[in-house]
Amino acid sequence: MSNHLLEVKNLRTHFASGGGIVQAVRGVDIHVDAGEFLGIVGESGCGKSVTMMSIMRLLAENAAVKADSLVFDGRDILSQSEKTMRSIRGNEIGMIFQDPMTSLNPLFTVGNQMMEHLRLHKNMTKEQAKARAIEMLTTVGINEPEKRLKQYPHEMSGGMRQRVMIAIAMCCNPKILIADEPTTALDVTIQAQIMELMEDLKNNFSTAVILITHDLGVIARSCSRVIVMYGGLIMEEGSVEQIFYEPAHPYTEGLLRSVPRHGIEEEDSESQDKGGEAQTVERQREKLIPIPGSPPDLMNPPAGCPFAARCEKAMKICKMAPAQLTEVGEGHRSACWLLHSQAPGKDRER
Amino acid sequence: MKEQKALIDVQHLKMYFSIAGKGFGKKSRLTLKAVDDVSFSITKGTTFGLVGESGCGKTTVGRTILKLYEATDGKVIYDGQEITKMPEKEFTPYRRDMQMIFQDPYTSLDPRQTVNEIIGAPLMVQKLVSSTAERDERVRELVAMVGLKDDHINRYPHEFSGGQRQRIGIARALALKPRFIVCDEPISALDVSIQAQVVNILEEFQQEMGLTYLFISHDLSMVRHISHRVGVMYLGHLVEVADVEELFRHKRHPYTQSLMSAAPVADPREATSNKRIILEGDVPSPLNPPSGCPFRTRCRYAKDICSEAMPELTDVGSGHFVACHNML
C-alpha cells in the first residue's frame with residue numbers, strides 16, 4: 001500500500017484569517033506513482049493549490065497543516081526539519097507556478113537563477129552548472145541557450161519564461177513535478193508547446209507529474225488519472241476515461257455539461273453543409289447547462305456534502321453529513337450519497 | 001448571404017499607435033500597427049466571434065468600432081451610417097445603441113458605487129430617466145433580467161462573486177437597450193461552472209431582443225458554441241473569416257489549423273486522436289512585423305512569395321474568406 005512515491009492521507013489545512021478560520025482542505029487522500037500523470041481539477045477556491053502547497057510545506061505561518069500521514073519516497077514530510085525540506089524542494093520535488101511573469105526574480109539573469117539551483121542542490125562547480133543549464137534549456141526547446149543564460153526575465157516572452165521555469169524545476173531530475181496551472185497565463189499555441197514538453201519529460205525521465213488546473217480540456221489530453229476537488233474535499237477520482245465518460249458524481253457531471261464538448265476537429269459528413277447559409281445561422285445549438293449558484297464559503301463550510309446546495313439530486317442526508325468516497329469501479333471512487341447502499345434508486349443499474 | 005442586413009460593416013480598418021521608442025523627440029517614435037486593414041461585417045441579430053492570441057489586435061478592433069479609439073484609417077458603418085469620422089456630439093445617440101461588456105468583472109465596476117448607481121449611470125448620462133425613482137424602477141427590472149435579486153441593488157461590487165459581477169456588467173450594458181454589444185472576453189475571468197451561466201444569459205438576450213454581438217475570446221470551443229460567424233486574427237490582420245461550422249470543418253489557413261489543433265477539447269478520446277500541430281516560437285513583435293504574410297515566420301508551408309507580398313483576403317466560396325498564398 002505504501003509503495004506509492006507520494007502518499008497523503010487525510011490532509012487538513014486551515015488558515016487563521018482576520019474573519020475566522022478558513023478550512024481550505026478538509027481531509028484529502030492523494031497518491032502518485034513514478035511516471036504517472038495525475039490531474040487535479042476544480043474551480044478557484046476548491047483547495048487544489050493549497051493541497052500541493054501543504055505537501056511542499058510552502059504555506060505561510062498562519063496555516064495549520066495536519067495529516068494522518070504524508071509520506072514522500074519513504075520519508076515522513078511533516079516531521080522533516082526545514083533544512084531537509086529545503087533539500088527536498090527543488091531537488092526531489094520540482095514545482096512550476098501559474099504565473100511565469102512573477103515567479104522568476106527580475107533582478108537576476110536566467111542563468112544565475114538556474115545555476116544557483118544546481119550548485120546548491122547538486123554541489124556542482126560553476127562550469128558544471130553552466131553546462132547543465134545549457135543542456136536543460138536545449139531540452140525545453142530554447143534556442144541559443146548560451147545567449148539566453150545572460151538575459152533577464154523581462155527580455156523573454158511568457159512562453160519562454162514558463163520554459164525556463166520548467167527547466168529550473170527539471171534540472172535536478174526531480175521525482176515529482178508539481179505544475180500549478182502552468183499554462184493558464186499562456187496562449188493556446190504556447191500552451192500546446194508546454195503541455196507537449198511536460199508529456200515528453202514524463203515519458204523520457206519517468207517523472208511523476210501532478211497537474212493542477214481548472215481546464216478540463218488540458219486534463220483530457222494529458223492526464224491518465226484525475227482527481228476532482230470541490231469545497232476542500234475530493235468529489236471523485238478515477239482514470240481520465242472514467243471521469244469523462246462515466247462520471248459518478250453530480251458535480252463532475254455538472255462540470256462536463258457546462259463546457260461545450262463538441263470537438264474542434266470534428267469530421268462531419270459533407271451532406272450536412274448543403275443546408276446553406278440560413279440553416280447554419282439558425283442551427284440548433286446544444287444548450288450549455290450551467291451549475292446554478294456558486295461555491296461554498298470555506299470559512300463556514302456546510303456540514304454535509306459541499307456540493308449539496310447546488311446539486312439537483314440532493315437528498316436530506318446530503319446536507320447533514322459528507323459522503324464517503326465509495327468504490328464504483330476499478331480505481332474509480334466517488335463521494336456521493338447516491339452511491340450509498342440505501343440510497344433511492346440504487347437498485348437501478350448505473 | 002447578402003439578403004440579411006449587416007448591422008456593422010468594418011471596411012479596411014486600421015488602428016496604429018504611436019509609442020515612445022529609444023531617445024527623445026518625434027523622430028524616435030515607433031508605430032505599432034495593432035489593427036492593419038481588417039474588414040468584416042456582422043449580420044443583424046447574430047454573433048461574430050473574433051479569435052486569436054493575445055496581442056493580435058482583437059480587443060483593439062472591438063474598441064475601435066465603439067470609437068473608444070480614433071481609427072487611423074478605414075470605415076466602420078453602423079446600420080448604414082459611417083461613424084468613424086463622426087464628431088463626438090453627433091455620435092452620442094449612437095452610444096446608446098453600442099455597448100460593451102468587459103473582461104475583468106473585478107476592475108470594470110467602480111468599487112465605490114452601489115449596483116444601483118453603476119447600472120443607473122448610463123440612464124442618467126443619456127437622460128433617459130427623469131427622476132431617481134424612475135431610475136430605481138428601471139434598475140430593478142434590469143437586475144431581475146440578469147438573475148440577481150432585488151435587495152442586491154444597494155450593495156457594492158465587492159460583496160459579489162465574479163459571476164454575479166459579470167451579470168452586473170451585463171445589466172449595465174443592457175440598460176440603454178442597445179442593439180450591438182462588444183463582449184470582450186466576457187467569461188475568461190470566470191470559473192468553468194459559472195462561464196456557462198453567463199453565456200446562456202447572453203444567448204437568451206440575443207434571442208429575446210435580437211441583439212448583435214461581437215464576441216472576442218481566445219476560448220475556441222466557447223466561440224464555436226456561441227458564434228454564427230468567426231474571424232481569426234494574427235498580428236493585426238484578419239487571416240480567415242467564415243461561418244462557424246464552415247470554418248471549424250474546413251480550415252484553409254495554416255494558422256487557423258494549428259490554433260485549432262492546439263485548443264484543448266474536454267473529451268479524452270477526441271483529444272488524443274487529433275494530432276497537435278505545434279507552432280515553433282512566439283508571435284513576432286507588432287513593432288517589427290515580418291515582411292509579407294505576418295504568419296510566415298512560424299508557418300510550415302512558407303515559400304518565397306510569402307515574404308514578398310501580403311496575401312489578400314480572398315473569397316473561396318460560401319462566404320469563406322482566406323488570406324494565404326498556399327491555402328490548404
Side-chain angles (χ1 to χ4, degrees), chain A residues 41 43-45 141 143 157-160 186-193 195-196 214-223 240-241 243-245 251 254-268 272-273 276-278 280-281 283 285-292 294-295 310, chain B residues 1 3-4 43 45-46 52-55 161-164 191-200 203 218-222 224-226 228-229 243-246 248-250 258-274 276-283 298 318-319:
Chain A
V41 65
E43 297 175 77
S44 43
N143 297 328
S157 67
M160 283 224 282
L186 306 174
D187 279 316
V188 277
T189 58
I190 309 296
Q191 168 172 289
Q193 293 173 356
M195 291 312 299
E196 194 94 345
H214 65 273
D215 190 335
L216 290 163
V218 173
I219 294 269
R221 183 136 210 171
S222 308
C223 298
V240 72
E241 297 254 321
I243 296 288
F244 279 87
Y245 300 124
Y251 176 61
L255 268 189
L256 290 170
R257 268 192 313 230
S258 62
V259 292
R261 291 190 70 191
H262 49 131
I264 305 268
E265 294 281 332
E266 214 173 320
E267 294 298 330
D268 275 59
Q272 281 196 317
D273 288 334
E277 201 76 13
T280 331
V281 174
R283 112 195 103 101
R285 298 194 209 180
E286 104 193 72
K287 197 131 171 99
L288 297 179
I289 305 169
I291 307 178
S294 44
R310 300 171 78 186
Chain B
M1 80 175 263
E3 66 206 311
Q4 279 140 327
T43 311
T46 65
E53 296 175 271
S54 48
S161 67
Q164 286 174 319
D191 265 322
V192 187
S193 71
I194 310 295
Q195 289 186 351
Q197 294 178 5
V198 171
V199 165
N200 280 356
E203 287 191 319
H218 62 267
D219 182 340
L220 288 167
S221 38
M222 219 34 121
R224 183 177 196 178
H225 175 83
I226 198 171
H228 300 92
R229 202 167 159 78
D243 289 332
V244 64
E245 289 308 316
E246 164 74 13
F248 278 80
R249 283 185 198 144
H250 312 290
S258 47
L259 186 70
M260 288 183 183
S261 79
V265 185
D267 187 327
R269 278 172 209 154
E270 199 175 305
T272 39
S273 69
N274 75 55
R276 268 196 285 236
I277 304 168
I278 303 282
L279 288 180
E280 297 279 320
D282 293 306
V283 185
R298 299 170 84 192
S318 57

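Residue numbering restarts at 1 for every chain, and letters A, B, ... go by the order of the sequence lines. Treat the numbers as computed from the prediction; the structure is a model and nothing was measured.
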K.L.:
Does the side chain of Glu43(A) reach to within under 4.5 Å of the side chain of Tyr251(A), using non-hydrogen atoms?
P.N.:
yes

K.L.:
At a heavy-atom distance under 4.5 Å, which candidate from Asp219(B), Val192(B), Asn200(B) has the highest pair count against chain A?
P.N.:
Asn200(B)

K.L.:
Where does Ile278(B) contact chain A at under 4.5 Å (heavy atoms): side chain, backbone, both or neither?
P.N.:
side chain

K.L.:
Of the listed residues (Ser258(B), Ala271(B), Ala262(B), Ser193(B)), which shares the most heavy-atom pairs with chain A below a 4.5 Å separation?
P.N.:
Ser193(B)

K.L.:
Do Ser222(A) and Val240(A) come close enough that some side-chain heavy atom pair is under 4.5 Å?
P.N.:
no

K.L.:
Side chain, backbone, both or neither: which part of Gln195(B) has an atom under 4.5 Å from a heavy atom of chain A?
P.N.:
neither

K.L.:
What part of Val199(B) gets closer than 4.5 Å to chain A, counting heavy atoms only: side chain, backbone, both or neither?
P.N.:
side chain

K.L.:
Under the rule for side chain to side chain donor-acceptor pair (under 3.5 Å), what residues qualify as partners of Arg298(B), not counting sequence neighbours?
P.N.:
Tyr234(B)

K.L.:
Highest number of heavy-atom pairs under 4.5 Å with chain B: which of Gln193(A), Arg257(A), Glu241(A)?
P.N.:
Gln193(A)

K.L.:
What part of Ser54(B) is in contact with chain A, defined as an atom under 4.5 angstrom from a non-hydrogen atom: side chain, backbone, both or neither?
P.N.:
both

K.L.:
Could you check whether any side-chain heavy atom of Glu53(B) comes within less than 4.5 Å of a side-chain heavy atom of Thr189(A), counting everything from C-beta outward?
P.N.:
yes

K.L.:
Distance from Ser161(B) atom OG to Asp191(B) atom CG, nearest 0.5 Å?
P.N.:
9.5 Å

K.L.:
Checking His225(B) against Leu288(A) for the side-chain contact (heavy atoms from CB on, under 4.5 Å) test, could you report, in this order, the C-alpha distance in whole Å, the side-chain angles of both residues, the deciding distance, and whether it holds?
P.N.:
CA-CA 9 Å; His225(B) 175 83; Leu288(A) 297 179; 3.5 Å; yes

